[in-house]
Amino acid sequence: MPPLDPDALLASLDPEQREVATALRGPVCVLAGAGTGKTRAITSRIAYGVHSGVYVPQRVLAVTFTARAAGEMRTRLRDLGATGVQARTFHAAALRQLRYFWPRHVGGDLPDLASHKAGLVAEAAGRLRLATDRAAVRDLAAEIEWVKVTMTDREDYPAAAAKAGRAAPAGLDPATMTRLLSTYEQVKRDRTLIDFEDVLLYTVGLLAEHRQVATAVREQYHHLVVDEFQDVSPLQQALLDQWLGDRDEVCVVGDPNQTIYTFAGASPEFLTGFPQRYPGAQVVRLVRDYRSTPQVVTLANRLLARAPRPAGQAAGVDLVAMRPAGPEADLREHADEPAEAGWVASRIATLVKEGLAPSEIAVLFRTNGQSETYEQGLADAGVPYLLRGGERFFERPEVREARLLLRGAARSTDAAGPADGDSGELASTVRAVLSGNGWSGQPPAGSGAVREKWESLAALARLADDLAAAQPAATLRDFVAELDERADAQHAPTVEGVTLASLHAAKGLEWDAVFIVGANDGMIPITYADTPESVEEERRLLYVGVTRARERLTITWSTARSPGGRAGRRPSRFLAGLHADSRPTAASSPRSPRRKGPATCRVCGKALDGAVSRKLGRCADCPASYDEALFEQLRDWRAEQAREASVPAYVVFTDATLIALAEARPATETQLLAISGVGRTKLERYGADVLRICASTGEADPEITTR
């Protein structure tokens, strides 16, 4: 790509972004609000420095926190003609240096990197004869990480934990936790392993103890850029200090209002205190929000305006909306969790029917344990979904197979490739190769494994379109190289499906429509947020969720956990007075009817707990009272429907729904709709068949109550 006109890079930037892009020297601090184009600003800064001759690309290191963010940064820099700049995560950059310098200055091979801590932690606990389950091991691993990223000496753990207000996890006392920390390190030594935190610790030590190493790294990287600086830990800051030495050629970018990882050792003080550390630092505030409508921005600003701010603490930014007006945010109360999930799934199905792509919709919750109800609701509504944090895109079997086919096809072409000079050829060639892996131009009906496979391959096809548009001369070999680079960085393309994710996992992402669910006090803020500081971090977490929405924002909660349960739940305290133009919609409104049903088992009278039991109206292990012949007819019919649609059987109806149908034997659409797992979408699709099958076995049983 020929050098770009440096001034042309600035033409599309707003005044504040342009100020960032032209601040090429000395310490720079960018306070960038959500949706203000911080990635655009800092990549334009790097590209402007490269094309104006101030930066040598290979002498610039940009670090961020996730592989996806690093991959996006590399893609943007490539499109801006700034190839050669290193854009990596902290861990990736440190590991690269460690692997290079360790054999030369320490001697021998670098110990292998443990992929997970769980096994090591469990072994350490076993050596100390501590009883642990999976949850306890997970909590202990998190505490070990906190000790390391805060650079706390193991022997100082009791005092440091007390000062930070942390209780040792898994019911351990501080002294036992200290012993576990030592034993964990011994287990690693015995197995010749290091963990992810060791990568940073060892790199800091190597740079501090070996002047040759420090000199080489500092000569390699003259300019550093750090994204999401509000989330750096003391360990990451120590590494940054070693990279810099006595220089100040660093640009940091962050938003104090999006500090949500202090529980894991992150400290926003490095961002808020940057001007004090570098008195001559240039500070630029990005406040123009290009992501969200004025309605979303106003709600986000109101949310933070109610937060107390300690004296002397630097303020974040108040966002200024730049987009046209959109719909008002919808704050909506429901009678119980199943009703809440059912309404959300129904509303999403409507949006999809109206033309909004499922990939432009997200359901966000505070804890991963909340996802099950919404997974079921979306499956019942026939809406495809993706659980963020599940299997990685490039590890899916169909993606691995497709990459092998594409690599083989690329090897069989000339070096120029068939796409040379025609951007349309690359896209058609990729689609032709993918067709050999079962892909077709039209998606299969329904959801399930077949649809998920199609969506994965369709994402690869769209990625080929994007590459061809950015680089018209790109070849199939170039596309394979792009996939290899993305796979290394776990920079997955967009896959069609509603995203289900925790609020923490949603950081850095955005969608047209966002549903924040389960917004009850005790969940947002979470129950164990028992200090003013932790409560305010929960407020910022909700702010992160709110600012993920481009156009439509819905926040829901329920007054009871189960149908018919005591309505003692309250909406999140953060929602009080939040929506100045309208009051929250109650569950009894026409758009969100209160769904009533049995709260106790109709067989034994015990309180029902669990989605399946509530669906059946009885305990799962209590005697069934359904017509077995009807159940078998329904199951045969379901199998036929699933085969025709090429979806798993549960996508049509789950077994629990079939049992509920066989027990209730509905005779009308109203009775059918009262059964959990049906919903209006499935009523329209399958209602006539189900009623016909039920009618063929006899009358509906008026004694059986469903919800």
Side-chain angles (χ1 to χ4, degrees), residues 4 6-7 9-10 13-33 36-65 70 73 76-77 80-82 84-88 90 93 204 207 214-232 234 236-256 267-288 313-317:
L4 299 178
D7 292 334
L9 290 170
L10 307 179
L13 305 180
D14 68 32
E16 294 81 19
Q17 292 171 342
R18 193 175 301 120
E19 186 177 355
V20 173
T22 54
L24 300 179
R25 294 290 190 185
V28 179
C29 178
V30 183
L31 298 176
T36 57
K38 67 178 178 66
T39 304
R40 183 183 190 187
I42 59 177
T43 52
S44 295
R45 177 182 186 269
I46 295 171
Y48 183 73
V50 168
H51 292 296
S52 61
V54 178
Y55 296 164
V56 175
Q58 292 76 15
R59 297 289 186 263
V60 181
L61 173 62
V63 290
T64 186
F65 281 81
M73 195 177 294
R76 292 202 188 200
L77 288 169
L80 292 172
V85 173
Q86 296 295 308
R88 300 178 180 275
F90 269 100
V204 169
L207 290 164
T215 299
V217 171
R218 292 165 192 167
E219 288 181 351
Q220 174 65 45
Y221 299 119
H222 294 177
H223 304 277
L224 284 91
V225 178
V226 187
D227 194 13
E228 302 289 1
F229 197 61
Q230 78 278 353
D231 289 329
V232 297
Q236 289 162 329
Q237 179 64 54
L239 178 58
L240 179 61
D241 290 341
Q242 288 295 332
W243 284 339
L244 281 170
D246 58 1
R247 302 169 301 166
D248 61 3
E249 288 296 334
V250 59
C251 173
V252 300
V253 188
D255 181 7
S267 174
E269 295 175 3
F270 298 119
L271 174 62
T272 58
F274 191 87
Q276 287 72 45
R277 185 172 188 180
Y278 297 97
Q282 183 173 351
V283 179
V284 184
R285 293 175 180 268
L286 301 183
V287 299
R288 303 171 195 248
Q313 179 177 318
V317 297

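Note that the numbering runs from 1 along the sequence shown for the chain.
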Novice: Could you check if a side-chain atom of Val225 sits within less than 4.5 angstrom of a side-chain atom of Arg45, using non-hydrogen atoms only?
Specialist: yes
Novice: Assign the ring pair Trp243 / Phe90 to parallel, tilted or perpendicular, where the plane angle (0 to 90°) is split at 30° and 60°.
Specialist: parallel
Novice: Can you tell if the side chain of Gln86 reaches within under 4.5 Å of the side chain of Tyr221, non-hydrogen atoms only?
Specialist: yes
Novice: Looking only at heavy atoms, which two atoms of Ala70 and Thr64 are closest? And how far apart?
Specialist: N-CG2, 3.5 Å
Novice: Only counting residues at least two apart or in another chain, list the ones meeting salt bridge (Lys or Arg N to Asp or Glu O under 4.0 Å) with Arg76.
Specialist: Glu72
Novice: Taking all atoms of both residues into account, what is the closest heavy-atom pair of Ala238 and Val204, and its distance?
Specialist: C-CG2, 4.1 Å
Novice: Can you name the nearest heavy-atom pair linking Asp231 to Gln236, along with the distance?
Specialist: O-OE1, 3.8 Å
Novice: Please identify each residue that fulfils side-chain contact (heavy atoms from CB on, under 4.5 Å) with Ala32, with sequence neighbours left out.
Specialist: Val30, Thr36, Lys38, Val253, Leu286
Novice: We want to know whether Gln17 and Glu19 form a side-chain donor-acceptor pair, criterion being a heavy-atom distance below 3.5 angstrom.
Specialist: no
Novice: Could you report the tightest heavy-atom contact between Leu271 and Gln230, atom names first, then the distance?
Specialist: CD2-CB, 3.8 Å
Novice: In Å and rounded to the nearest 0.5 Å, what is the CG to OG distance from Leu80 to Ser44?
Specialist: 5.5 Å
Novice: With a 4.5 Å cut-off on side-chain heavy atoms, are Leu24 and Ser52 touching?
Specialist: yes
Novice: Is the shortest side-chain heavy-atom distance between Gln242 and Arg218 below 4.5 Å?
Specialist: yes
Novice: Would you mind reporting whether Val54 and Arg25 have side-chain heavy atoms less than 4.5 Å apart?
Specialist: yes
Novice: With rounding to the nearest 0.5 angstrom, report the SG to CZ distance, Cys251 to Phe274.
Specialist: 8.0 Å
Novice: Are the side chains of Tyr48 and Leu13 in contact, using a 4.5 Å heavy-atom criterion?
Specialist: no
Novice: Does the Gln220 side chain pair with the main chain of Gln58, one donor and one acceptor, at a distance under 3.5 Å?
Specialist: yes
Novice: Do Glu249 and Leu224 have side chains that approach each other closer than 4.5 Å (heavy atoms only, starting at C-beta)?
Specialist: no
Novice: Kindly compute the distance separating CG (Leu207) from CG (Asp241), expressed to the nearest 0.5 Å.
Specialist: 11.0 Å
Novice: Could you tell me whether the side chain of His222 and the main chain of Val56 form a donor-acceptor pair under 3.5 Å?
Specialist: no
Novice: Compare every heavy atom of Gln237 with every heavy atom of Val232, then report the nearest pair and how far apart it is.
Specialist: CG2-OE1, 4.4 Å
Novice: Is there a side-chain contact between Leu31 and Val283 (heavy atoms, below 4.5 Å)?
Specialist: yes
Novice: Ignoring hydrogens, what is the shortest heavy-atom contact between Phe65 and Glu228? Give both atom names and the distance.
Specialist: CE1-O, 3.1 Å
